[in-house]
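Take a look at the structure below.
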Amino acid sequence: MTTIPEILSASIQKAFEEAQQDNLIPAAEIGDIAVERPQNPEHGDYASSLPLKLAKPLKKNPIEIANVLAKYLKKDGLLEDVVVANPGFLNFVLSRKWLQDQVDQMLSDPKSYGVTNAGEGKKIQVEYISANPTGRLHVAHARGAVIGSTLANVLKSAGFEVQQEYYLNDAGAQIDKFNRSLVARYMQSLGNDVELPKDSYPGEDVIAVAEKIRDLDSANYDTDDPGALSDLGKAGIRLMIEGIKEDIESLHIDFDNWFSEKSLFEDGQFEKCIGLLKEMGYVSDKDGATWLLNSNLGEEKDNVLIRTNGTPTYFSTDIAYHYNKFIHRKFDIVIDVWGADHQGQVLRLKSAMKMLGCDPDNLEMILVQMVRFKKGETTEKLSKREGNVVPLIELVNEIGADACRFMFLSRAHETQLDFDLDLAKSQSSENPVYYIQYGHARICSILDLAVEKKINFSNGSVSMLSHESEIQLINKILELPSIINAIAVTYEVHHLPHYSLELATAFHNFYQNCRVISENEKDLGLSKARLKLCAATKLALVNCLELMGMSKPEKM
RNA sequence: GCGCUUGUAGCUCAGUUGGAUAGAGCGCAGCCCUGCGAAGGCUGAGGUCGUGGGUUCAAGUCCCGCCAAGCGCGCCA
């Protein structure tokens, strides 16, 4: 599906070239031609400020340029009129007939609505959440979760081949720490008076896992036997991952792949990757540790790959992991949705990728700013250590997955967020998400009524859709593809919930102004046309709700 | 100290490569169902876009200084 701005940009480009051939405009480079929807409907359906931008390089009056371009712009099926406005805008009025016909077009081919080809079938991976499997997810994870999953959905619609991945940090020091905590909790659950080790996870989630193991496993673990303890740890991680999967499902998220950090070591990929860096001379031994010479590539400092004690750092496994994404699994683009506290990692990982021959521009990190927890007047950082975490599942149970998703989705990822659970609870009933879902439910009930009254509107004539709110609604519906394309470039998913609200507003407006199913027999033709518009709106709303991972209730 | 990010209505936030009169939801003051769902529609009050300069036809948007907040600068993950 080609978007309207794309069509108009191409027309302007053509007009510009033709005017140049006729020597009415001096030669000049024009980059991308911006066509946008003006805020004021009096300024047309779409508008471009190109003449204002060209005024300087062309050394001509912007109005003059606009007039020339307007003359060369073909009034074709789509374009009905071009109006030149001060101080040099081109305002486009779309043909009513073309707009009306799009309703029929959508209904005859509903699958191609909202699908674009911006991604050109490229392989793209979105990795998100990737929380350590040493505890259940909490509210701070929800933000990245919602942003990542929605981004993946949108990229699919934009024509990418998308994989959603969760990176399981199942190797490393945090696993030992978890094991120590679990053993203590396990002993406690058996009635032993054991203290929790100093450096451990104090959360309830570990207790729950320990008790579950006690209840499930008839063969008790001999806590004096190292082998048994190792088995206990493995069972604990397994159960914790099951819990994380529950958390994720509660938010309507489904991963395509769970990638094990441990697997990087088991099949030698880690060794190979580090070996490669060594061969290329990017690695040096110093103070008994192995270092990556990042500073050669403009980084502030070198970084440790292998510690003095022989264990790999988080950084080095991350290099191997991303090498695997690009080289072994051949992703064209890799997106990591990370917490803002990973910021220091961005540049050095990119520079390591460059050493390995991967284009760092194909590695995109989306840094989601921290969520802080608000308690009365004070705010504090959520921390497992502090024990002030709110489990994700508790939030979802309180306010529902839809409201939860919408809340985190409608804020740009780089803004900080002070999260107030009480406020979230009290506001959940007036969450804007219901405004969108209400529009959907309203349409469903109208369409039900049409069935009840045996109105078959498949032969409705869309040419009867001429009320201002009808035209505005069609325009709004047709905007979705350009929203999807914009997100495919900027990865800013928060545009989607805002667009959805505008779409719902346009529908509620139409509903208020235009009676759909009339009691009057002679209005049957108009009813049928409006039913078509309702069906098209439903298609658009369903698209939005599905992209955002929300339910689409027919009744509320 | 250095780096990254943020600062827009009472609150929570949008503002699309710089464009026309800075928008929405909630809250507040009102109006609209003997008509398909009032979880809706309409009207109003509420803004020196943190602050001071600069760039230009045009700045909430770009550049510089300052103020405030968050994060980062580990042989932690």
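Below, chain A is the first sequence line, B the second, and so on; all start at residue 1.
Taking the O4'-C1'-N9-C4 or O4'-C1'-N1-C2 dihedral as appropriate, B/rC33 has a value within 90° of 0 and is therefore syn.
Looking at heavy-atom distances under 4.0 Å, A/A47 makes contact with a base. As judged by a 4.0 angstrom heavy-atom cut-off over every strand, A/Q174 is placed among residues touching the sugar-phosphate backbone only. Contacts of A/L417 with the nucleic acid, taken as non-hydrogen atoms under 4.0 Å apart, involve only primed sugar atoms and P, OP1 or OP2. Looking at heavy-atom distances under 4.0 Å, A/E430 makes contact with sugar-phosphate atoms alone, never a base. Using a 4.0 Å heavy-atom cutoff across all strands shown, A/A340 reaches sugar-phosphate atoms only and no base atom. Across all strands, A/T308 comes closer than 4.0 Å to base atoms (heavy-atom distances). In this structure, A/N169 reaches neither bases nor backbone, as no heavy-atom distance under 4.0 Å exists between it and the strands shown.
Set against B/rG70, B/rA14, B/rC75, the side chain of A/H498 has B/rA14 as its closest nucleotide. Listed candidates were B/rG74, B/rA77, B/rU5. Nearest to the side chain of A/Q416 is B/rU5. Distance from the side chain of A/D287 is smallest for B/rC75 among the nucleotides B/rG23, B/rC4, B/rC75. Closest contact between the side chain of A/T313 and the listed nucleotides B/rG19, B/rC4, B/rA77 involves B/rA77.
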Between the protein and nucleotides 36-46 of chain B, which nitrogen or oxygen pairs are less than 3.5 angstrom apart?
unit_1	atom_1	unit_2	atom_2	d
B/rC36	O4'	A/R515	NH2	3.4
B/rC36	O2	A/I517	N	3.0
B/rC36	N3	A/V516	N	3.0
B/rC36	N4	A/Y511	O	3.2
B/rG37	OP1	A/S445	OG	2.7
B/rG37	O2'	A/Y438	OH	2.3
B/rG37	O2'	A/R442	NE	3.0
B/rG37	N7	A/S445	OG	3.1
B/rG37	O6	A/E554	O	3.4
B/rG37	O6	A/M556	N	3.4
B/rA38	OP2	A/R442	NH2	2.5
B/rA39	N6	A/M556	O	3.3
B/rG40	O2'	A/R442	NH1	3.0
B/rG40	N2	A/Q512	NE2	3.2
B/rG41	OP1	A/Y435	OH	2.4
B/rG41	O4'	A/Q512	OE1	3.1
B/rC42	OP1	A/N509	ND2	3.2

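B/rA14 and B/rA9 are spaced 12 Å apart, taking the P atom of each and rounding to whole Å.
Considering only side-chain N and O atoms, A/R307 lies under 4.0 angstrom from the phosphate OP1 or OP2 of B/rA77. In this structure, A/R411 does not reach the B/rU6 phosphate: none of its side-chain N or O atoms is under 4.0 Å from OP1 or OP2.
The environment of A/Q13 atom CD is dense: over 12 non-hydrogen atoms of other residues, nucleotides or ligands sit within 6.0 angstrom.
In terms of position along RNA chain B, the nucleotide closest to A/E414 lies nearer the 5' end than the nucleotide closest to the other residue of the pair A/E414 and A/N91.
Legend: residues meeting side-chain hydrogen bond (donor to acceptor under 3.5 Å, both in side chains) with A/N543, ordered by chain and number and at least two apart, are absent.
A/T537 pairs with exactly one of A/V542, A/I477, A/V103 by the side chain to side chain contact (heavy atoms under 4.5 Å, CB included) rule, that one being A/I477.
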